[in-house]
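Report on the structure given below.
Just so we're on the same page: letters track the sequence lines, and every chain starts at 1.
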There are 2 protein chains.
Amino acid sequence: MLSKKTKYGIKALTYIARQPSKKPVQTAEIAENENISHKFLESIMVQLRKSGFLGAKKGKGGGYYLIKDPAEIRMTAVIRILEGPIAMVPCVSLNYYEKCDDCKDEETCSVHQLMIQVRDSTLKVLGNNTLADITKDKEEGS
Amino acid sequence: MLSKKTKYGIKALTYIARQPSKKPVQTAEIAENENISHKFLESIMVQLRKSGFLGAKKGKGGGYYLIKDPAEIRMTAVIRILEGPIAMVPCVSLNYYEKCDDCKDEETCSVHQLMIQVRDSTLKVLGNNTLADITKDKEEGS
DNA sequence: TTAATAACCTACTATTCCGATAGGTTAATA
DNA sequence: TATTAACCTATCGGAATAGTAGGTTATTAA
């Protein structure tokens with residue numbers, strides 16, 4: 001299950017990416033429009049800034065703005081920062097690997113084998129989707 | 001993240017499927033070999049039995065046995081019973097759908113769009129894998 | 001018929017994490 | 001100098017997870 005943190009984070013990034021101008025966007029505005037707890041969102045924005053996705057400006061007219069081109073922001077990166085591992089089991093995680101303490105042999109573990117496949121297919125989808133991709137409203141006819 | 005419950009459940013099913021004979025297997029044996037808390041595993045087995053995956057026999061020589069052919073048991077079914085929804089967000093779940101209370105319009109929600117893709121790719125993998133598939137040890141060279 | 005076995009049932013609990021709240025501090029603008 | 005909005009620290013209730021404990025029922029074998 002995706003945490004609200006990640007969900008809100010992606011929504012906020014999308015909100016900013018959809019802005020016509022490049023002026024900073026306030027968390028209060030995003031929170032209101034996306035029905036997110038303001039304070040909770042603030043903590044998420046700080047994390048996204050510290051991770052290099054956003055820049056911030058204080059005071060009146062301040063807010064958050066994108067640092068990179070939306071087409072350069074892969075969903076894998078966003079989710080890894082906000083959610084943590086993409087894999088459903090630590091023993092198949094590429095970035096957050098951890099050995100199972102119950103499992104003797106990963107090679108013969110059925111869960112391991114299966115979860116590698118799930119991880120790879122998920123990785124493919126998230127790696128192919130950038131912020132630019134998910135920002136555009138629905139695919140319009142070809 | 002996959003719960004231990006689901007992980008243990010899959011391991012137990014695999015353990016039984018790997019048995020050479022069709023005799024019932026005791027939870028104590030599985031628990032010991034797979035390093036699972038016995039009592040915890042018991043509760044999982046009961047659930048798998050009630051869901052129609054396993055049969056049970058009490059008393060000496062008793063235990064659990066598979067009811068269906070392993071090739072007929074899809075991982076989607078097992079995971080839906082033990083873990084719940086496969087989708088990462090309730091609003092894209094096929095079997096456990098729930099509307100987000102923050103989201104006004106699913107169509108324009110970037111998270112929604114993205115998670116549909118993740119769901120579909122995961123579903124594909126889990127739907128293509130049966131208990132028979134994950135039971136066999138590693139693919140041997142062609 | 002009795003003892004042993006193993007599934008089954010109910011209840012409780014410790015720990016962790018999530019989502020949020022509260023209240024204040026710093027920096028930039030008007 | 002006042003206002004604004006990011007930033008920081010601390011706290012907290014509730015839910016879920018992963019288990020523990022202790023007993024009951026049904027089946028088998030001696």
For this session: Using the test salt bridge (Lys or Arg N to Asp or Glu O under 4.0 Å), find all partners of A:Asp120 that sit at least two apart in sequence or belong to another chain.
Result: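 Partners of A:Asp120 by the salt bridge (Lys or Arg N to Asp or Glu O under 4.0 Å) criterion come out as none, since no residue qualifies.
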
Residues which pass side-chain hydrogen bond (donor to acceptor under 3.5 Å, both in side chains) with [X], listed by chain and number, not counting sequence neighbours:
X        : answer
A:Ser43  : none
A:Asn95  : none
B:Asp105 : B:Thr108

Exercise. DNA chain C: A:Ser3 or B:Gly62, which has the more 5' nearest nucleotide?
Worked result: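 Looking at the nearest nucleotide for each, B:Gly62 comes out on the 5' side.
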
Exercise. Going by number, which of residues 78-86 of chain B have a non-hydrogen atom under 4.0 Å from DNA chain C?
Worked result: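 None, since no heavy atom is under 4.0 Å.
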
For this session: For DNA chain C, find the residues of residues 4-14 of chain A with a heavy-atom distance under 4.0 Å and give them by number; none if there aren't any.
Result: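 Correct list: A:Lys4, A:Lys5, A:Tyr8.
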
Problem set entry | Worked verdict on A:Ile30 versus A:Met45 for side chain to side chain contact (heavy atoms under 4.5 Å, CB included) | CA-CA 11 Å; A:Ile30 302 174; A:Met45 301 305 271; 3.9 Å; yes

For this session: Please map the stems of DNA chain D, keeping only stretches of three or more Watson-Crick or G-U wobble pairs with both distances under 3.5 angstrom.
Result: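 Counting only runs of 3 or more consecutive pairs, the stems involving DNA chain D are C:1-30 with D:1-30.
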
Problem set entry | Pair listing, ring-ring contact (aromatic ring centres under 6.0 Å, His included) test, anchored in residues 5-38 of chain B, at least two apart |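 Found B:Tyr8-B:Phe40.
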
For this session: Would you list the pairs meeting ring-ring contact (aromatic ring centres under 6.0 Å, His included) in which at least one residue belongs to residues 96-119 of chain A, sequence neighbours left out?
Result: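 Qualifying pairs: none.
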
Problem set entry | Phosphate OP1/OP2 of C:dA7: any B:Thr27 side-chain N/O under 4.0 Å |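 For C:dA7, OP1 or OP2 has a side-chain N or O of B:Thr27 closer than 4.0 Å.
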
Exercise. For nucleotides 10-16 of chain D, read 5' to 3', which letter fits each nucleotide if B means a protein heavy atom sits under 4.0 Å from the base, S means only the sugar-phosphate is that close, and - means neither?
Worked result: -------

Problem set entry | nucleotides 21-29 of chain C: protein proximity per nucleotide (B base, S sugar-phosphate only, - neither; heavy atom, under 4.0 Å) | BBBB-BSBS

For this session: Using a strict cut-off of less than 4.0 Å between a Lys/Arg side-chain nitrogen and an Asp/Glu carboxylate oxygen, indicate whether B:Lys4 and A:Asp102 qualify as a salt bridge.
Result: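 The answer is no: the pair does not qualify as a salt bridge.
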
Enumerate, atom names and distances included, each donor-acceptor pair closer than 3.5 Å involving a side-chain atom of residues 48-76 of chain B, sequence neighbours excluded.
residue: B:Ser51; atom: OG; partner: B:Gln47; partner atom: O; Å: 2.6
residue: B:Asp69; atom: OD1; partner: B:Ala71; partner atom: N; Å: 3.1
residue: B:Arg74; atom: NE; partner: B:Gly127; partner atom: O; Å: 2.9

Exercise. Would B:Glu98 and B:Ser93 count as having a side-chain donor-acceptor pair, cut-off 3.5 Å?
Worked result: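 Absent: no donor and acceptor within the cut-off.
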
Problem set entry | Flag, side chain of B:Arg18 to backbone of B:Thr135, donor-acceptor distance under 3.5 Å |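 Such a contact is found between B:Arg18 side chain and B:Thr135 backbone.
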
Exercise. How close or far is atom P of C:dA6 from atom NZ of B:Lys23, stated in whole angstroms?
Worked result: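 After rounding, the gap between these two atoms is 13 Å.
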
Problem set entry | Option from B:Thr122, B:Ile79, B:Asn129 for which side chain to side chain contact (heavy atoms under 4.5 Å, CB included) with A:Val118 holds |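 Going through the options one by one, the only one that passes is B:Thr122.
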
